[in-house]
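Written below as structure tokens is the structure these notes are about.
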Amino acid sequence: LQPGQQQLAITGIDGRFQITDAPSGIFTVTAEKPGFFSPQQVNSQRYGSSYSFVRLDKDTDSITVKLLPAASIVGRVVDQNSEPLENITILVLVRHHANGRARWDQVNQSQTDDDGTYRVGNLVPGDYYVATGPHARRALNAGGRPDGQNFDEIYPITYFPGSASQTGATQISLTPGQEATADFNLSVEKAYRISGSITSPGPPQQVMLQLLDSDGKILQTPLRRDTGSGFQFSDVPPGAYTIFGIYRDQNTVYAVNQPVNIGSTDVINVPAVLSPGASIPIHIQFDREPPVTQKGLVAAVTLVPESNNPFQVGGTTTWIPESNSLLLSGIAPGKYSVRVNVLNSSYYLVSATCGSLDLNREDLVIGPGSSPAPIELVLNTGAITVKGTVKNGDIPAEASVMLLPETPRAEEPRIVRSDSNGKFQMEGLAPGDYRAYAYFGSDGLEYRNADVMKGYQDWATEVSVEPNQQPDITVRVISGAGQ
């Protein structure tokens, strides 16, 4: 149909439907019913595919549209004495991709009832992790300790079938209509407290404070704050953590990343001293200078946190006419990968450095109160354009196309969308060797994982981009089994 147009029909009791006066062409077809999912929705979660195409012409008599029943996960949670545990939070996690990395996000949750059982339903068939949330043993007396006891008692985060981390977890693959079982046997563990005080340019109560684990994820643990600058995290298992705090006034970001190690005792008197976010000048060297009024529009630099902390601040870029340069300011302490986005398609990125760091290959670490060296970018004219066609089998397809360089670059891989005829065009490319991938859906690929990308090599289209050339390539859509 024409863009933005659609035709609807409701099935009868025999599942049949009719759409009249449908024009010839290639179309997407979807069906919806509560408690069911289309194969395309299933593929969207498992493989990154979200479209189904049909070709209609004067000889088309009928088509079949399938729906698959939702799946569910059930189980029971008991303690070390096989006694049921009530009100334990059950988390269902699914994997997705962000900035080329795999992330596991919560998609559903439930709680155990008085006999320790739970059920999580209406799940799209696909791959999941299941975990129990942290839970204080004395839920009715949170923060309390028996006389003479110098530790808290908790049921820690546990990934099915019994791992303290996702590394040792077992993935549950749900087929349509399946009811999988994930039981947990939890043991009480000792936990401790972290307390200290906040030093901030603004009111301490306005500082957002989080406790991060060794993977940079927020630890869901009780936080108490007094009316002054004091704070206390309780129910913290032994391990390595970071206290992350951030405060914003009108013009400045202040932040703290304070490492803390928990052994077998409480940790007290931890200073959480917020310092101004770092600023980094960005100098750009051109082989051919653009007009002065366009210099601030040629490139942008973004710092992508390596941490899973959603509140980590990577700064903002502004053009400073007086110094004829860009300025990246308000950067919280942490580890970042540097991403350069060349906005003018006449130029391409030659190199990106910060002091002795090659930002194409190395991460940038910002320490508290540090003053990093300027970021130096070299941009040349003569950027190249690649054209192409995406095909799903023999049919031109509308899909995402990613061009991944063979050698690491500070630029994000170029990603564009092909049109309804499968045509796409990428501009502003540096000379070099690339691999092109096409995929349905918006989740993208885990392109920073070399082992994962090896699984897609049968679908990759190799292309060498040479000066004064304009390659025209065909890219096949990655299909189910390969993703």
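Positions are given from 1, in the same order as the sequence printed here.
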Heavy-atom donor-acceptor pair, [X] side chain to [Y] backbone, under 3.5 Å:
X	Y	result
Arg224	Phe233	no
Thr242	Gly216	no
Thr353	Gly355	no
Arg409	Leu349	yes
Asn81	Glu83	no
Ser370	Pro368	no
Asn360	Ala410	yes
Asn257	Pro333	yes
Gln149	Phe151	yes
Arg414	Gly428	yes

Legend entry - Partners passing salt bridge (Lys or Arg N to Asp or Glu O under 4.0 Å) against Arg339 (at least two apart in sequence or in another chain): Glu412
Inset, instruction - Output all residues satisfying salt bridge (Lys or Arg N to Asp or Glu O under 4.0 Å) with Asp266, sequence neighbours left out; order by chain, then residue number. - result: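 Scan of Asp266 (salt bridge (Lys or Arg N to Asp or Glu O under 4.0 Å), adjacent residues dropped) gives Arg145.
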Inset, instruction - Name all residues meeting the side-chain hydrogen bond (donor to acceptor under 3.5 Å, both in side chains) criterion together with Thr389; count only those two or more places apart in sequence or in a different chain, and write none if there are none. - result: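 Only Lys423 meet the side-chain hydrogen bond (donor to acceptor under 3.5 Å, both in side chains) criterion with Thr389.
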Shortest non-hydrogen contact between [X] and [Y], atoms and distance:
X	Y	result
Ala9	Phe17	CB-CB, 4.1 Å
Pro125	Phe37	CD-CD1, 4.0 Å
Ala460	Tyr437	CB-CE2, 3.6 Å
Leu364	Leu357	CD1-CD1, 3.9 Å
Val390	Ala438	CG1-CB, 3.9 Å
Thr461	Ile473	CG2-CB, 4.2 Å

Legend entry - Heavy-atom side-chain proximity of Phe36 to Leu68 below 4.5 angstrom: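 Result no, sub-4.5 Å side-chain heavy-atom pair not found.
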Mind checking the [atom1]-[atom2] spacing from [X] to [Y]? Nearest 0.5 Å is all I need.
X	Y	atom1	atom2	result
Gln106	Ile90	CD	CD1	11.0 Å
Tyr439	Tyr456	OH	OH	10.0 Å
Gln258	Ile194	CD	CD1	10.0 Å
Tyr254	Ser200	OH	OG	8.5 Å

Inset, instruction - May I have the step-by-step check of side-chain contact (heavy atoms from CB on, under 4.5 Å) for Val77 and Asp183, ending in yes or no? - result: CA-CA 6 Å; Val77 183; Asp183 294 330; over 6 Å; no
Legend entry - Listed once per pair and sorted, the salt bridge (charged side-chain N to carboxylate O under 4.0 Å, His left out) pairs that draw on residues 170-179, sequence neighbours left out: Arg119-Glu179
Legend entry - Gln80 atom CD: more than 12 heavy-atom contacts under 6.0 Å: yes
Legend entry - Asp14, CG: over 12 other non-hydrogen atoms inside 6.0 angstrom: yes
Inset, instruction - For Asp127 and Ser173, test the side chains for any donor-to-acceptor distance below 3.5 angstrom and give the result as yes or no. - result: yes
Legend entry - Lys/Arg N to Asp/Glu carboxylate O, Arg193 vs Asp152, below 4.0 Å: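 Salt bridge: yes.
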Legend entry - With Val236, the side-chain contact (heavy atoms from CB on, under 4.5 Å) member among Thr221, Asp213, Val260: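 When Thr221, Asp213, Val260 are each tested with Val236, the side-chain contact (heavy atoms from CB on, under 4.5 Å) holds only for Thr221.
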Inset, instruction - State which residues pass side chain to side chain contact (heavy atoms under 4.5 Å, CB included) with Glu446; sequence neighbours excluded, sorted by chain then number. - result: Arg95, His97, Ala102, Asn449, Val452
Inset, instruction - Would you please name every residue forming a side chain to side chain contact (heavy atoms under 4.5 Å, CB included) with Glu406, sequence neighbours left out? - result: Asp433, Arg435
Inset, instruction - Over 60° means perpendicular and under 30° means parallel, so classify the ring planes of Phe184 and Tyr118, tilted if in between. - result: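 Tyr118 and Phe184: tilted rings.
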